[in-house]
*Asks:* 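Here it is: the structure, laid out below.
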Amino acid sequence: MVPPTFMGLSGRPLSTTLSAVATTGFLLFGYDQGVMSGIITAPAFNDMFTATKDNSTMQGLVTAIYEIGCLIGAMSILWIGDILGRRRSIIIGASIMLVGVIIQVTAMHNATPLAQLITGRVIMGIGNGINTSIIPTYQAECSKTSNRGLLICIEGATIAFGTLIAYWIDYGASYGPPDLVWRFPIAFQIIFAVLIIVPMCFLPESPRWLLSHGRQEEADRVISAIRGYEIGSRETLLERNVIVDSLRASGGYGQKSTPFNTLFTGGKTQHFRRMMLGASSQFMQQVGGCNAVIYYFPVLFHETIGESKNMSLLLGGINMIVYAIFSTTSWFFIERAGRRRLFLIGTVGQCLSMVITFSCLINGDRMTARGAAVGLFTYIAFFGATWLPLPWLYPAEVNPVRTRGKANAVSTCSNWLFNFLIVMITPIMITSIGWGTYLFFAVVNACFIPAIYFLYPETARRSLEEIDIIFAKGYTEKISYVKASKELPHLKPEEIEEYSRQYGLVGEEGKGSDGSGDENARGDEEKSLEKGDEEKRMESDANDTTPPRNGSGSHVNQGLVVFEAL
């Protein structure tokens, strides 16, 4: 027998295609992050949308209103994400973005162009909010443990490449006729949206979402296709059982939608703390000043440093090249250096970069002000290498499988809420306090350092099950979760269940939300396994409460062996 296929693909080619489509969603996200910066002050744009001409408040509103749409989209995933599923949510999100683009580019002089632009940006934002909330979850749930961090970091890095494309398209379009100057850069997003919608119609749903809805046969088919197994193979059944046991351990097996109040629970699972860790990383990413540089880089050079409009656009494009190059560095260091260390390095680098920037702007001398460019370039380099991808990775892995969808949506809501705030106030701050804007961001970044050092446990090279144990260990032993992550050794697959029992994650935590035990639910799973000695051994192990010996254990342990080896 051959593995099942989607789009005629299975195994590595299917996994690569799935990751490429998911990454395109973040490429579109990055493109829209940068597209307005090059056209918001263009004469052709201001002639069409007259209220934006020489009005920093209106420029900020037109740019930032998109984030309100993104916030609405991210919030919608809190209620409908678990019901729709990962795949359908992405299709709907990209389709909404497509509609938003069409509304924007069809604005005409003889109508109400500004209202149409704002409406289109809000609608497009809703679609992007949906996609940025669900894509990291989809990617994490379809990835192997060994490459989960890398794939999500690649997603984050493509934000920089999308912004780079936007900057240079803006720059090239600035030499064209008036309509081309702003219509073409906005319309270009249609290409990305189509590249998401069409393939996603034929790609598989997340196997974890399918199993959480009790759709076992479909989940087996997806697992077999993504991994390149035959349907009904031992490897497929074992990996499926690992996922099912993880769902049961968090009390989410058989629940089509996780209750919202589950996000606010503590105990051994620490759902609330883990949600706040993910959300705070997104908060820090935004208020650290990234969009003050990304959105308004040409404006900063033109109005603050005094460069010509053309030179400001050109330097903005060069800055985005630096941004894109440094965004790839996390691919090589994310597992070796770890999340905590990269968070700290990035924060210190961003803080010092802002110090350089405001120091060079204090005396108002134009030649000295050019030194501020160094600070802006080093800032975007540090941000691209660390804070760009990490807040998209950390929530997707620090949250348990039961709450991951909703908790990731909360994190994304945090991103868009403060994204709107910073984009809205940045032009006003530059106009009102000048170099004090960069002093503000320097102080804010300095405040992040102790928070990260004392509160963020390391998750690098940990399976999702080990991360559950870290929080159970910290809660049970009354120690900090950072200390718990340092003390907990890297566990072999056969050791995970033993530690889970030790910290109460198997047994009491294994019961469903209705209080029902694990044994009846396990029975259905075991019926699908091979008969004879294999089934008898697994049934015996399922009832065995002693730690596994000599590497032998329940079918859960064997599933972990296979899953970790992939």
Side-chain angles (χ1 to χ4, degrees), residues 18 22 25 74-90 129-145 148-149 151-152 155-156 205-213 219 222 242-282 339 390-415 457 459 462-472 505 509 512-513 563:
L18 186 151
M75 290 177 66
S76 70
I77 292 299
L78 288 171
W79 285 274
I80 65 173
D82 287 338
I83 298 171
L84 288 175
R86 318 314 190 202
R87 176 176 155 273
R88 277 187 292 180
S89 295
I90 294 171
I130 291 172
N131 280 353
T132 52
S133 294
I134 211 72
I135 286 176
T137 301
Y138 180 67
Q139 181 74 83
E141 292 182 346
C142 293
S143 302
K144 302 175 185 177
T145 300
R148 182 184 67 236
L151 290 176
I152 298 179
E155 277 182 10
E205 179 56 85
S206 156
R208 285 171 170 80
W209 182 85
L210 291 170
L211 286 170
S212 71
H213 284 63
V222 172
V242 171
I243 299 171
V244 169
D245 286 337
S246 180
L247 285 165
R248 288 196 185 114
S250 62
Y253 184 69
Q255 290 186 331
K256 293 187 176 182
S257 181
T258 301
F260 191 76
N261 60 7
T262 304
L263 295 174
F264 299 93
T265 56
K268 300 180 182 70
T269 55
Q270 288 293 298
H271 289 155
F272 179 70
R273 172 180 287 270
R274 295 162 80 170
M275 177 184 72
M276 292 305 297
L277 285 172
S280 65
S281 69
Q282 293 280 21
R339 287 44 160 168
L390 287 174
W392 299 104
L393 167 62
Y394 202 67
E397 63 182 8
V398 77
N399 288 295
V401 65
R402 183 185 184 189
T403 62
R404 187 174 299 129
K406 279 186 166 58
N408 222 34
V410 170
S411 299
T412 309
C413 286
S414 171
N415 178 289
T459 57
R462 297 283 192 183
S463 69
L464 298 178
E465 291 75 22
E466 284 181 275
I467 297 170
D468 292 340
I469 294 171
I470 287 172
F471 286 92
L505 290 176
E509 293 295 333
S513 61
F563 189 56

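FYI, side chains are in, hydrogens and waters are out, and symmetry mates aren't considered; it's all heavy atoms of this structure. Bear in mind that the values here come from a model prediction, so they are computed numbers and not experimental data.
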*Asks:* Rounded to the nearest 0.5 Å, what separates atom OG1 in Thr265 from atom CG in Leu263?
*Replies:*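 Answer rounded to 0.5 Å: 7.5 Å.
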*Asks:* Does Arg87 offer a backbone N or O that forms a donor-acceptor pair with the side chain of Glu205 under 3.5 Å?
*Replies:*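 Yes; judged by distance alone, with no hydrogens or angles, the pair exists.
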*Asks:* Considering non-hydrogen atoms only, spot the tightest contact between Trp392 and Thr132 and give its length.
*Replies:*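 Closest approach of Trp392 to Thr132: CZ3-O, 3.6 Å.
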*Asks:* Starting at NZ of Lys268, measure out to CD1 of Ile469 and round the result to the nearest 0.5 Å.
*Replies:*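 Here the rounded value is 13.5 Å.
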*Asks:* Any chance you could measure Ile470, atom CD1, to Gln270, atom CD, to the nearest 0.5 Å?
*Replies:*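 Here the interatomic distance stands at 13.0 Å.
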*Asks:* Between Pro207 and Cys142, what is the shortest heavy-atom contact and its length?
*Replies:*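 Closest approach of Pro207 to Cys142, heavy atoms only: CD-SG, 4.0 Å.
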*Asks:* With the side chain counted from C-beta on, respond yes when Ser281 and Leu393 share a heavy-atom pair under 4.5 Å apart, and no when they do not.
*Replies:*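 Not in contact.
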*Asks:* What I'd like to find out is whether the side chain of Thr403 reaches to under 4.5 Å of the side chain of Met275, using heavy atoms alone.
*Replies:*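 No, too far: nothing below the 4.5 Å cut-off.
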*Asks:* Could you report the tightest heavy-atom contact between Ala409 and Ile77, atom names first, then the distance?
*Replies:*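 Taking Ala409 first and Ile77 second, the nearest heavy atoms are CB-CG2, 3.8 Å.
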*Asks:* Main chain of Thr262, side chain of His271: is a donor-acceptor contact present, judged purely on distance under 3.5 Å?
*Replies:*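 Looks like yes, one N/O pair under 3.5 Å.
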*Asks:* Does Asn408 use its side chain to pair, donor to acceptor, with the backbone of Arg404 at less than 3.5 Å?
*Replies:*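 The answer is no, because no donor-acceptor pair under 3.5 Å joins these two groups.
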*Asks:* Is Asp468 salt-bridged to Arg274, cutoff N-O under 4.0 Å?
*Replies:*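 Looking at Arg274 together with Asp468, the answer is yes, because their closest N to O distance falls below 4.0 Å.
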*Asks:* Can Thr459 and Glu466 be said to form a side chain to side chain contact (heavy atoms under 4.5 Å, CB included), step by step?
*Replies:* CA-CA 9 Å; Thr459 57; Glu466 284 181 275; over 6 Å; no
*Asks:* If you round to the nearest 0.5 Å, how far is CD1 of Ile134 from CD1 of Ile80?
*Replies:*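 With rounding to 0.5 Å, CD1 (Ile80) is 9.0 Å from CD1 (Ile134).
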*Asks:* Pro391 versus Asn415: any side-chain heavy-atom pair under 4.5 Å?
*Replies:*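 No, too far: nothing below the 4.5 Å cut-off.
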*Asks:* Taking all atoms of both residues into account, what is the closest heavy-atom pair of Trp209 and Asp82, and its distance?
*Replies:*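 Taking Trp209 first and Asp82 second, the nearest heavy atoms are NE1-O, 2.7 Å.
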*Asks:* Ignoring hydrogens and angles, tell me if any N or O in the side chain of Arg86 forms a donor-acceptor pair with the backbone of Ser206 under 3.5 Å.
*Replies:*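 A pair under 3.5 Å: no.
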*Asks:* How close do Gly278 and Val398 get, heavy atom to heavy atom, and via which atoms?
*Replies:*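 Nearest pair, atom of Gly278 first, then Val398: N-CG1, 4.4 Å.
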*Asks:* Can you name the nearest heavy-atom pair linking Ser89 to Ile130, along with the distance?
*Replies:*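 Looks like O-CG2, 3.3 Å.
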*Asks:* Side chain of Ser411, backbone of Ala407: donor and acceptor closer than 3.5 Å?
*Replies:*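 Between the backbone of Ala407 and the side chain of Ser411 there is a qualifying donor-acceptor contact (under 3.5 Å).
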